Novice: 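To start, I am sharing the structure in question, which I have written as structure tokens.
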Amino acid sequence: MNGVLLFSGGLDSTTLLTKMLKDFKFDSVLAVTAKYDSIHNEVEFTAASRIIQYFQHHALPVDQWIVRLPQNLWSGSNSALLQGSEKPI
């Protein structure tokens, strides 16, 4: 059985990736990581890529697919988490 996981590189998605491979015995997992215009996304993206490399180094069947979301996807939003926001976090 193959699986797909929206993978941020955070604790929750890393735990689920591990469970998919070890406990649920998925044959392979495609980890989808989104790049988007947020304050913390570069850190998340780096962590996600390093975790995938770690799994691959240990011969675990996981691949990463990177989705680059349009920069204007969040236009009109006033979230403090977006780059360029004047709101404090």
Side-chain angles (χ1 to χ4, degrees):
M1 175 170 47
N2 299 318
V4 176
L5 171 66
L6 186 56
F7 186 70
S8 69
L11 182 61
D12 294 338
S13 61
T14 301
T15 300
L16 185 53
L17 175 59
T18 303
K19 290 188 75 60
M20 290 173 77
L21 293 169
K22 296 293 186 180
D23 296 344
F24 303 135
K25 308 294 186 201
F26 277 74
D27 297 318
S28 68
V29 176
L30 176 61
V32 179
T33 302
K35 283 197 80 160
Y36 58 98
D37 194 25
S38 108
I39 292 170
H40 57 272
N41 186 245
E42 203 56 45
V43 173
E44 283 183 346
F45 177 75
T46 300
S49 296
R50 286 180 179 169
I51 291 165
I52 296 300
Q53 289 171 3
Y54 174 86
F55 276 72
Q56 291 171 338
H57 177 76
H58 291 281
L60 293 169
V62 60
D63 288 310
Q64 185 179 32
W65 185 39
I66 300 165
V67 177
R68 287 177 172 77
L69 301 177
Q71 288 185 342
N72 64 350
L73 181 66
W74 312 111
S75 63
S77 174
N78 201 18
S79 171
L81 297 177
L82 297 177
Q83 290 180 1
S85 174
E86 295 176 12
K87 284 185 171 182
I89 294 181

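Just so you know, these numbers come straight off a predicted model, no measurement behind them.
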Novice: With sequence neighbours excluded, tell me which residues meet side-chain contact (heavy atoms from CB on, under 4.5 Å) with Gln53.
Specialist: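 In terms of side-chain contact (heavy atoms from CB on, under 4.5 Å), with neighbours along the sequence ignored, Gln53 is linked to no residue.
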
Novice: Under the side-chain contact (heavy atoms from CB on, under 4.5 Å) test, which residues partner Gln64, sequence neighbours left out?
Specialist: Thr33, Ala48, Ser49, Ile52, Ile66

Novice: Linking I/L/V/M/F/W/Y whenever their side-chain heavy atoms sit closer than 4.5 Å, directly or via other members, would Phe26 and Tyr54 fall into one cluster?
Specialist: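 Yes; tracing contacts between hydrophobic side chains, which count when under 4.5 Å, links both residues.
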
Novice: Show me the donor-acceptor pairs, under 3.5 Å and distance only, between side chains in residues 4-25 and residues at least two apart or in other chains.
Specialist:
residue, atom, partner, partner atom, Å
Ser8, OG, Gly10, N, 3.1
Ser8, OG, Ser13, OG, 3.3
Ser13, OG, Ser8, N, 3.2
Ser13, OG, Gly9, N, 3.3
Thr14, OG1, Gly10, O, 2.8
Thr15, OG1, Leu11, O, 2.8
Thr18, OG1, Thr14, O, 2.9
Lys19, NZ, Asp23, OD2, 2.7
Lys25, NZ, Lys22, O, 2.9

Novice: How close do Asn41 and Ala34 get, heavy atom to heavy atom, and via which atoms?
Specialist: ND2-O, 3.3 Å

Novice: Once rounded to the nearest 0.5 Å, what's the spacing between atom CZ of Phe55 and atom CG of Leu60?
Specialist: 6.5 Å

Novice: Following the transitive rule for hydrophobic clusters with a side-chain heavy-atom cut-off under 4.5 Å over Ile, Leu, Val, Met, Phe, Trp and Tyr, establish whether Met1 and Val32 coincide in one cluster.
Specialist: no

Novice: A quick test of your reading: do over 12 heavy atoms of other residues, nucleotides or ligands sit less than 6.0 Å from NE2 of His58?
Specialist: yes

